[in-house]
Amino acid sequence: MSELYPAVEPYAHGMLAVGDGNLVHWETCGNPAGKPALVLHGGPGSGAGPFWRRLFDPAAYRVVLFDQRGCGRSTPDAADPETSLAANTTRHLIADIELLRQHLDVDEWLVLGGSWGVTLALAYAERHPERVSELVLFSVTNTTRREVEWVTRDMGRVFPEEWARFRDTVPEEEREGNLADAYARMLADPDPAVRERAAREWCRWEDVHVSTHPGHRPDPRFEDPRFRFRFARLVTHYWRHAAFLEDGALLRDAGRLAGIPGVLIHGRMDISGPPDVAWRLAQVWPDAELVLIGDEGHGLSGSTSTGAVVGATDRFRAVRAR
């Protein structure tokens with residue numbers, strides 16, 4: 001089993017103007033002459049924290065992290081209610097990645113993503129396969145309408161009491177409809193109290209539906225009012241639109257990944273993100289290896305999944321451009 005690498009600090013960072021008034025914060029760490037690797041964080045809205053740096057051998061990789069539009073250190077901040085999300089879509093994020101690649105003079109890079117970052121990584125790789133050397137993906141999602149429905153409604157069969165509270169937070173006339181839609185409307189309400197209640201209850205449900213593995217601990221970031229409002233705004237924005245992708249397109253277009261080696265790492269206890277999503281992708285992407293971990297859930301929830309991710313980056317660190 002591979003262990004996390006020691007913490008490192010960036011050797012360079014900056015703010016990249018990507019259009020529509022957005023500045024994206026980026027940083028690079030590790031070896032400036034090393035193999036380029038890009039990190040795509042989850043959420044949407046989580047931001048790229050220091051933990052991600054430790055998934056790579058700093059002597060072998062030039063690791064690039066960036067905060068996606070509206071979150072982390074990027075501006076404007078979605079935690080501000082007046083910040084428009086109109087120019088915050090998957091298409092915009094893919095364009096941002098390409099601008100960053102060109103800005104850093106990278107020809108191709110390994111792409112690592114988790115949860116929402118998997119959806120974005122697949123969308124980017126299928127659009128620009130010539131720019132991706134390998135993919136390392138954990139907690140595999142496609143953010144389809146069915147997946148959103150599963151998380152926001154079907155998981156109520158696993159956590160009925162908690163889901164009833166989640167559902168009953170929205171107005172009664174909206175409880176049988178798209179709950180991500182309903183929450184997004186509450187998060188845009190002119191009344192700050194309505195916005196705060198929606199953000200708190202959305203994040204409370206987020207903590208519940210991923211708590212299927214032993215040793216789960218609530219996410220401490222949700223105690224920060226600005227973080228939970230930013231996170232809830234961006235997640236509901238993307239989920240209500242099924243990631244702004246044609247439904248089923250990522251699986252349909254997986255043939256574009258041919259020739260790109262990949263590792264798909266997923267916990268069998270990840271009920272909120274069922275393992276069949278990763279399994280179906282592996283069936284149509286012949287260069288992908290599927291790693292199912294029996295006693296772990298969503299995210300890097302244990303040492304085995306973390307070790308599998310580090311093991312994958314270790315395996316690819318000596319592989320150079322095709």
Side-chain angles (χ1 to χ4, degrees), residues 1-11 26-43 46-67 106 108-122 124-125 132-141 210 213-217 219 257 260-270 273 275 277-278 281-282 285 287-321:
M1 184 184 301
S2 301
E3 297 181 356
L4 288 170
Y5 283 96
V8 294
E9 292 300 315
Y11 64 81
W26 61 269
E27 63 183 41
T28 52
C29 59
N31 181 352
K35 175 173 179 168
L38 173 71
V39 168
L40 298 179
H41 65 69
S46 293
F51 171 82
W52 294 90
R53 306 170 190 162
R54 302 186 63 192
L55 299 172
F56 299 88
D57 179 351
Y61 279 101
R62 176 191 181 194
V63 184
V64 179
L65 302 91
F66 79 102
D67 295 324
V106 172
E108 66 172 16
W109 42 18
L110 178 150
V111 178
L112 184 149
S115 192
W116 154 254
V118 175
T119 296
L120 181 56
L122 292 170
Y124 172 73
V132 179
S133 56
E134 301 92 9
L135 286 160
V136 177
L137 309 174
F138 66 89
S139 299
V140 178
T141 68
V210 300
H213 61 278
H216 169 76
R217 295 178 181 177
D219 191 331
L257 305 176
I260 300 175
V263 181
L264 307 173
I265 298 158
H266 205 94
R268 285 192 184 275
M269 296 298 292
D270 187 353
V277 177
L281 179 60
W285 178 13
D287 298 285
E289 172 192 350
L290 176 60
V291 180
L292 289 174
I293 299 172
D295 60 349
E296 295 192 19
H298 196 75
L300 296 183
S301 57
S303 60
T304 305
S305 57
T306 302
V309 171
V310 176
T313 61
D314 280 353
R315 186 197 320 172
F316 293 135
R317 63 188 161 189
V319 180
R320 286 299 177 177

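These values consider heavy atoms only, across backbone and side chains, with no hydrogens, waters or symmetry-generated copies. From a predicted model like this one, the values you see are computed outputs, not experimental measurements.
When side chains are defined from C-beta on, F138 does not count as touching S305, because their heavy atoms never get closer than 4.5 Å. Side-chain contact check for I260 versus D287: every heavy-atom pair is 4.5 Å or farther apart. Using a 4.5 Å heavy-atom threshold, the side chains of V64 and P36 count as separate. Looking only at side-chain heavy atoms (C-beta outward), P10 and L65 stay at 4.5 Å or farther from each other. In this structure, the side chains of D57 and T313 stay at 4.5 Å or more apart for every pair of heavy atoms. Two residues are said to be in side-chain contact when any heavy atoms from C-beta on lie closer than 4.5 Å; L122 and L281 meet this criterion. Under the 4.5 Å side-chain criterion, counting only non-hydrogen atoms from C-beta, W52 is in contact with L112. Within the 4.5 Å cutoff, the side chain of Y11 has heavy atoms near those of the R62 side chain.
Minimum heavy-atom separation, L264 to A288: CD1-CB, 4.1 Å. Of all heavy-atom pairs between A59 and N31, the closest is O-ND2, 3.0 Å. Closest of all the heavy-atom pairs between P261 and S133 is CD-O, 3.3 Å. Here the closest non-hydrogen pair linking S139 and V118 is O-CG2, 3.8 Å. Smallest separation of non-hydrogen atoms from F316 and Y61: C-OH, 3.4 Å. Of all heavy-atom pairs between A282 and L290, the closest is CB-CB, 4.1 Å.
Note: D67 CG to E27 CD = 7.5 Å, rounded to the nearest 0.5 Å. The CG atom of L110 sits 10.0 Å away from the CD atom of E108 when rounded to the nearest 0.5 Å. We find the CG-OG1 distance between L137 and T119 to be 9.5 Å, quoted to the nearest 0.5 Å. Distance check: S46 OG to H41 NE2 gives 7.0 Å after rounding to the nearest 0.5 Å. Atoms CD1 and OG1, from I293 and T304 in turn, are 6.0 Å apart once rounded to the nearest 0.5 Å. Between atom CG of residue L55 and atom OG1 of residue T306 there is a gap of 7.5 Å, rounded to the nearest 0.5 Å.
Within 6.0 Å of the CZ atom in R54, the count of heavy atoms belonging to other residues, nucleotides or ligands exceeds 12.
No option in R315, K35, R317 other than K35 meets the salt bridge (Lys or Arg N to Asp or Glu O under 4.0 Å) test with E134.
With no hydrogens or angles considered, no side-chain donor-acceptor pair links T141 and S115 at under 3.5 Å.
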side-chain contact (heavy atoms from CB on, under 4.5 Å) assessment of R53 paired with V63: CA-CA 7 Å; R53 306 170 190 162; V63 184; 5.6 Å; no
Test L135 against Y124 for side-chain contact (heavy atoms from CB on, under 4.5 Å), laying out the working first. CA-CA 11 Å; L135 286 160; Y124 172 73; over 6 Å; no
